Protein chains: 2
Amino acid sequence: MKAQTEAAGAASPRSRKKREAILDAGVRVFMAEGYAASMDRVAAEARVAKQTLYSHFGSKEGLFHALFERYKQQSLAGLDPAGDLAAELATFGEHMLRRIFDPEILGVQRLMIAQAGAFPDLARIVYEAGPGRVRAGLVEFLRAKIEAGALGRADPVEAADDLMALLQGSRRQRILFGVEAAPDPARLRGIAERAVTIFLRAYTMR
Amino acid sequence: MKAQTEAAGAASPRSRKKREAILDAGVRVFMAEGYAASMDRVAAEARVAKQTLYSHFGSKEGLFHALFERYKQQSLAGLDPAGDLAAELATFGEHMLRRIFDPEILGVQRLMIAQAGAFPDLARIVYEAGPGRVRAGLVEFLRAKIEAGALGRADPVEAADDLMALLQGSRRQRILFGVEAAPDPARLRGIAERAVTIFLRAYTMR
DNA sequence: GTCTATATAAAGATAGAC
DNA sequence: GTCTATCTTTATATAGAC
């Protein structure tokens with residue numbers, strides 16, 4: 001009874017393409033202008049009639065939710081135990097910084113910080129899928145290293161927080177405020193290595 | 001020629017009170033609802049006619065600017081060289097955390113992060129008056145300590161960034177996302193002491 | 001300067017044809 | 001499902017009386 005109506009239109013290739021176009025446009029427009037951006041802008045950016053947009057998502061809020069649901073599925077590069085600890089952590093740090101300073105990620109986070117009050121469930125989704133997952137992975141990695149004796153006895157959660165904090169430094173805050181631009185990707189390795197050096201100086205057994 | 005017109009109305013005690021009421025209401029409303037909050041809301045919160053609001057500030061943008069101009073004048077508790085280095089830094093850290101996790105400051109920063117694109121000049125003002133000034137003070141303090149030999153040879157700017165990062169940890173991010181509440185003020189001293197311990201482990205000469 | 005009442009523009013959402 | 005044209009509400013901003 002449901003399949004009949006949907007088979008005809010909802011799942012048509014054309015409809016799917018429109019839907020994707022709207023989602024892509026929504027990300028761009030909301031990132032750029034915040035949640036205050038108009039539905040007209042989104043429709044124009046997607047080259048679609050406004051009504052098409054409403055057919056798919058029902059309301060502005062519905063579209064907003066749909067946008068961030070996509071972030072749930074993102075996977076993340078893991079921490080593979082390769083060379084020595086410093087190199088492993090530097091590689092992890094470089095990856096993390098690449099994500100953190102990615103213009104799209106910055107836009108998403110700006111948006112969610114602004115709308116956390118209005119969409120608490122979405123903010124949690126974005127946090128868990130992003131920083132939360134990275135943090136959880138690092139905690140487990142460090143726990144193993146601590147148990148193996150490669151790091152001094154310490155709370156792995158605190159250690160993970162400290163490393164992530166050192167990696168970000170004060171740059172993230174300045175970038176969020178628009179006071180300075182994101183660093184060139186080529187510089188990220190160096191930034192990560194410096195942070196890891198400080199981290200290991202504090203956490204290595206002496 | 002200008003004094004005549006102003007003496008009659010613009011500087012009257014009543015007018016000044018209204019102006020202050022509007023500014024206070026503006027802070028509350030914009031913090032709570034973001035820049036999307038309506039002028040009607042602000043006028044209602046200030047117990048003032050909307051026209052009064054426009055008489056004083058001309059436009060929504062004008063009001064928004066006026067709100068943040070007030071933050072320029074804020075002064076900040078300095079770093080007084082009292083006991084030993086660890087205690088000094090812990091006290092500094094406690095003060096910094098108290099500010100960072102203050103609901104009003106959090107609201108201002110959320111707002112400015114959201115509107116940094118639309119009001120780049122304001123975002124800079126808020127940054128310089130807040131985090132920027134704290135950072136600058138800490139840099140000078142650490143520079144003196146390094147030159148005095150109390151800390152190992154290091155770049156004072158990097159050291160200041162590292163200490164501030166360790167103090168904030170990952171809490172600030174989670175709080176901005178609304179995933180967790182700000183810590184109880186009574187816990188701040190302990191949080192600061194832990195961060196300072198890690199910092200000194202990395203930066204003290206051995 | 002301050003108030004009540006109103007103009008004007010824009011945004012979210014929908015009706016009806018194809 | 002998608003489009004054009006339209007409704008309705010809300011928001012910024014202003015006119016005019018006191």
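All values reported here derive from a predicted model rather than from experimental measurement.
One N or O on the side chain of B:S55 and one on the backbone of B:Q51 form a donor-acceptor pair closer than 3.5 Å.
Atom pair A:F57:CZ and D:dT2:C1' shows a separation of 14 Å (rounding to whole Å applied). As a whole-Å value, the separation of B:D40 CG from D:dA13 C1' is 11 Å. Atom NZ in B:K17 sits about 15 Å away from atom C1' in C:dT2, given to the nearest Å. Distance OH (B:Y54) to P (D:dA11): 11 Å, rounded to an integer number of Å. For B:M39 and D:dT14, the CE to C1' distance is 13 Å, given to the nearest whole Å. In this structure, the CZ atom of B:R41 is 12 Å from the P atom of D:dT12, given to the nearest Å. If you measure from atom CD1 of A:I22 to atom C1' of D:dT2, you get 10 Å, rounded to the nearest angstrom. Note: NE2 (A:H56) to C1' (D:dT2) measures 9 Å, nearest angstrom.
A:E20 pairs by the side-chain hydrogen bond (donor to acceptor under 3.5 Å, both in side chains) definition with A:R70, not counting sequence neighbours. Listed by chain and number, the residues in a salt bridge (charged side-chain N to carboxylate O under 4.0 Å, His left out) with B:R143 are B:E140 (sequence neighbours excluded). Evaluation of the salt bridge (charged side-chain N to carboxylate O under 4.0 Å, His left out) rule for A:R194 yields B:E158, B:D162 as partners, not counting sequence neighbours. Looking at residues two or more places apart in sequence or on another chain, you find a side-chain contact (heavy atoms from CB on, under 4.5 Å) between B:I100 and B:M96, B:Q168, B:R172.
Residue pairs meeting the ring-ring contact (aromatic ring centres under 6.0 Å, His included) criterion with at least one partner in residues 157-191 of chain B, sequence neighbours excluded, are A:Y127-B:F177. The list of ring-ring contact (aromatic ring centres under 6.0 Å, His included) pairs with a residue in residues 27-52 of chain A, not counting sequence neighbours, reads A:F30-A:Y35, A:F30-A:F64, A:Y35-A:F64, A:Y35-A:F119. Residue pairs meeting the salt bridge (Lys or Arg N to Asp or Glu O under 4.0 Å) criterion with at least one partner in residues 50-66 of chain B, sequence neighbours excluded, are B:D40-B:K50.
Interface residues of residues 24-38 of chain B facing DNA chain D, ordered by number: B:A37, B:S38; criterion, heavy-atom separation under 4.0 Å.
Between B:D161 and B:R135 there is a salt bridge, with a side-chain nitrogen of the basic residue lying less than 4.0 Å from a carboxylate oxygen of the acidic one.
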If a protein heavy atom is under 4.0 Å from the base, mark B; if only from the sugar-phosphate, S; if neither, -; do that for nucleotides 3-9 of chain D going 5' to 3'. BB-----
